[in-house]
Amino acid sequence: MKTRIALLGQPNSGKSTVYNALTGSRQHVGNWPGKTVEKNEGHYTYDGVKYTVTDLPGSYGLTGNSDEEVITADYIKSGNADLVCILADASQLERSMYMTAEFAPLQKPAVLLLNMMDVAKAQQKEIDYELLSQRLGIPVLPFTAAESKGYGELKKLLAQELAQPHIISSAPDVKEKHYDDSMADSVKDDSGAKYEWIGKMLDGVTSSAQKEYRLSAFDRIATAPFWGKLLSIGIILLAFLVAMVICIPFMSIGSMLPSLLGKPIADTLGAWNVHPWLVSIFSLIIPNVLYFSLSMAAFVLGVNIVFGFLEEIGFLARAAYQFDGVLSKLGLQGKAICPMLMGFGCTIGGTCGTRVMDNWGQRMLAMAVVWAVPCGSIWSIIPVISGMFFTPAETLLVSLGILVYMIIMMWLVSKVFGRFLSPKESRTGMIMELPPYHKAHWGHILKESFLKAFDIFKRALSTVTIVSLLFWVFSFSTTGNVQDSLLYQVGTFIEPVTRFFGMGWQTFMGFLSSAFAKEAVLGVLNAIFVGQNSLVEATFHAGNTATDGAVLSQMMSQTVSKPEALAFMAACTFNIPCVMALTTTYRESHSFKWTARVALFYIGMALLLSCAVYHISALFM
Amino acid sequence: MKLSETKKDTHGKVMGIEGDAHFVSRVTAIGMTEGVPFQTVRNNKRMPVLVYLRETLIALNRSDAERIEVESE
C-alpha cells in the first residue's frame, strides 16, 4: 500500500503550516545525507492507515543548483514519494504556480493545494479551481492552511489519490532538464516558457490584471530607510517584552522549585538514612533541573508565540528587508535581526528566535552570532562587579567597551564559521517577496508554540541533568568549605596558567560558573570571598544566596586587582552563554558537532580576550 | 535603463537579465522574466529596490537590480 506523501511549495506558501497541522507532534528532524539541509519527516493516521509526510526544503524552483533544489528534485525523481502535494498561494496564483510548472515535466502523481483562499477572498479574487483541475488533470483543492476545518477533506483526498493517482497531463515546452552555469540563455527561455504555460492553464481561471500598487500607510513607514528601521527595532523589542510577559509566570513558578522542593526532598531522604552525597544530588539538582527546563520551555513558548505572530502577519519580511544590507556583511540574511535583538534580553530567546531563518546553515550561524550578544543577566551583573572597583563613569566605559567588542566578536564569529555555514558562493543578495499582511490565526500559532515548548521541555530534562551533575561533581565539598571542592583543587592547581590569562583561581572559578548561569556568578564570588554559602548552593540557587554587595566588594578588592577585575568581566561576558542557551542551541540545531565547535571557540576567545585585557590594562593601572 | 535607476512609481517592462544561469534562475523563479510588466514601488539609496510584478511585492538587492535592464512606459 502506498503511504508516502511529500509536500512541495515555495517559501511563504504555507507548506510548514500544513506539515505541522498534519503531523502534530509526530515529527522527526534530521539532515539530508551529506548536506546541511534539515530533513523533516512526520506521520499521521487516517482511517487506520499510517501515512508518512516529508516536508521538502523550501525553494522557489526545482531546476536551480542550490542544495535545497537539488535535494528536492532528486527526491521526487527517485520516486521516494508516492504522492506529491504541491502548494500554491491562491492570492498570487500566477507567480506561485511556478513550482507546479517546474514539477510538471517530472511526470509524478500529484495534487495541487490552493492555499490562502482566505486572503484571495479578501482581495476579491475568484478562482475557478474546477476548470484548473480539468486543465492540469490532477485534483485541485481550495484551502486555508491556518484553519483546522479543511484537514479532514485534505486527508480524504490524499488517501484517494494514493490509491488512484493522477499525473499532470500537460507540461511547459522546455528545452533542458538541468542547467549548468553557462546556460543562462536556456534558463531565460525555459522560464519564459513556464510562465507561458502557467498563463495558458490560468486563462479564464482567475483574473490577473496588473493594477497600480499602493503601499499601505503602515508599509510606507515600514519600508522607509530610517523610520522603517526604527519601527522594526521598536516592534521586535516590544515583541520581546510580550514574550517575557508570557513566560514570567512559568519562570516564577520554576524559580520557587529549588527552595520549595529542596528541603522536603533533603528531609525525606535524610530520614531514610540515604548517603548525604546522594541527598545533596537529589535535593539540589532535581529541583534545579526542573527549574531550568521549565524556564527554557517558557522562553521557547513566549518567543514562538510572538515570532509566529510577526511571521504570519507578514511583518518579519519587512524587518528582513530593512536589515539585509548590514547583516549580509556577516553572511547573514536580514531576518537575523530579530534573534540578534532578542539576544539582548536572553540568549535562549535569541537562539530559538533563529527559527525564522530559511536554512540550517544560516540558522546555525545566526545562533553562533547571537551568543556574542550580552544577555540581560550579564547587563545585571556587570554594573555590580564593575561598581566594586570603578567609578560610575568608568563603569559606563566598561559597558561601552562591551558593546564595541560585541561587534568585533560577531564579525570574528562570522569570519571563522561563516565560510562553512554560509559559503561565499551560496551567499546571494536578497531576492524575496514581501507578502501581503495577513490576519493572524491564533489557534494555529498557539498550538504550534505549545507543541514546540513541550518538546523542548522533554528534551531539556536529560541534557540539563547531565550538565548539572558535572557541575555538582566539581563544586561539591563534603565540609561545605570551598577548599574541599574539586573545583578548588583544579583551580589552584592550574592557577599559574589562569594567571597568564589574567585571572586568579577565585575569579577563574567565577568565570567557570558563568558558563553554568550568568546570574550565578555573584553568588559564587560571594561563596568564595565571603564564604557564607557553599559553592554548590550558590551555583544551584539554593539556600539564602542573597549577596551583600558591600561586604563582597570589600573582600574582593583586597585580593583582586583592577586589571584582573576588567579581565574577569570581559571573560564572563564573552564566555559561552549559560547551560540553558547551550542546550537550546544543541536542541534547535540538532548538531552536537557544531554546538561544540562554537562553544570551544567562545571559551578560547574569552580566555584570549581576558589575557589581552589583563596585560594591556596592567600597563596603565 | 537599469531597474536600480528607476524612480518610484515607474511602470515598465523587464527587457533583459544579465548574469549566469544561477542568477537568472533565481530571479525568474520569483517571477521576474523578460517581458513582464512591473512597477517600481520604492527605490531608496543603499536599500533593496521594491518592485511589484505578477501580483507580488518583491525586494531585490541593489547590485542585482543593476543587472536588470528595463524600459519605462
Side-chain angles (χ1 to χ4, degrees), chain A residues 10 59-66 69 89 91-96 98-99 102 123 125 179-192 194-195 208 210-215 219-220 223-225 228 317-318 320-322 324-325 328 334 425 428-436, chain B residues 2-4 6-70 72-73:
Chain A
Q10 295 187 331
S59 63
Y60 281 101
L62 282 179
T63 48
N65 49 11
S66 72
E69 288 177 76
D89 179 347
S91 69
Q92 313 174 342
L93 197 51
E94 185 194 10
R95 194 189 54 77
S96 70
Y98 190 78
M99 192 53 111
E102 294 262 273
Q123 296 173 349
K125 278 182 188 149
Y179 311 96
D180 59 46
D181 277 352
S182 62
M183 298 162 83
D185 286 334
S186 312
V187 178
K188 247 184 259 180
D189 293 347
D190 286 354
S191 298
K194 282 165 199 161
Y195 280 107
S208 66
Q210 180 85 8
K211 282 172 292 185
E212 174 84 16
Y213 186 83
R214 299 224 150 273
L215 283 173
D219 251 353
R220 267 203 295 279
T223 58
R318 271 76 180 172
Y321 156 78
Q322 287 290 353
D324 195 69
S328 63
E425 60 274 16
T428 38
M430 162 181 272
I431 302 179
M432 68 177 289
E433 64 155 316
L434 302 189
Chain B
K2 291 169 181 163
L3 179 61
S4 53
T6 56
K7 288 209 171 59
K8 180 176 173 319
D9 288 332
T10 306
H11 286 259
K13 256 194 174 98
V14 174
M15 299 310 287
I17 300 162
E18 211 177 295
D20 60 10
H22 184 58
F23 174 69
V24 176
S25 140
R26 269 162 43 80
V27 292
T28 54
I30 205 165
M32 200 176 282
T33 47
E34 290 178 356
V36 75
F38 76 93
Q39 175 196 346
T40 304
V41 175
R42 212 181 233 291
N43 188 357
N44 295 104
K45 273 179 218 154
R46 290 191 296 277
M47 296 275 287
V49 185
L50 280 189
V51 288
Y52 183 68
L53 52 87
R54 295 189 201 271
E55 301 173 275
T56 311
L57 186 60
I58 293 166
L60 181 69
N61 75 92
R62 291 208 81 73
S63 60
D64 286 345
E66 279 167 20
R67 295 150 77 182
I68 311 284
E69 192 61 36
V70 299
S72 68
E73 274 165 14

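Every chain is numbered from 1 and lettered A, B, ... according to where its sequence line falls, protein lines coming before strand lines. Worth saying up front: this structure is predicted, and the values here are computed from it rather than measured.
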Inset, instruction - To the nearest 0.5 angstrom, please state how far the CZ atom of A:Arg95 sits from the CD1 atom of B:Ile58. - result: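 Output value for this atom pair is 6.0 Å.
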Between [options], who has the most heavy-atom pairs with chain A when the cutoff is under 4.5 Å?
options	value
B:Ala65, B:Ser63, B:Gly31, B:Ala59	B:Ala59
B:Ile30, B:Asp20, B:Thr28	B:Ile30
B:Met47, B:Met32, B:Arg42	B:Arg42
B:Leu50, B:Leu57, B:Leu60	B:Leu57

Are [X] and [Y] packed together at the side-chain level, in the sense that at least one heavy-atom pair is separated by less than 4.5 angstrom?
X	Y	value
B:Tyr52	B:His11	no
A:Met99	A:Leu62	yes
B:Glu34	A:Lys188	yes
A:Gln123	B:Glu55	no

Inset, instruction - Could you tell me which of A:Gly64, A:Gly61, A:Pro225 has the largest number of non-hydrogen atom pairs under 4.5 Å with chain B? - result: A:Pro225
Inset, instruction - Measure across B:Gln39 and A:Tyr213 and return the closest heavy-atom pair with its distance rounded to 0.1 Å. - result: OE1-N, 2.6 Å
Legend entry - Under 4.5 Å from any heavy atom of chain A - which part of B:Thr56: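 Both parts, heavy atoms under 4.5 Å.
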Inset, instruction - Examine whether an atom of B:Ser25 lies under 4.5 Å from a heavy atom of chain A, and if so say whether it belongs to the side chain, the backbone or both; otherwise answer neither. - result: both
Legend entry - Region of A:Ala224 in contact with chain B, defined by heavy-atom distances below 4.5 Å: both
Legend entry - Contacting region of A:Ser59 [heavy-atom separation from chain B under 4.5 Å]: neither
Inset, instruction - Measure from NZ or CZ of B:Arg54 to the centre of the six-membered ring of A:Tyr98 and say whether it is under 6.0 Å with the direction within 45° of the ring axis. - result: no
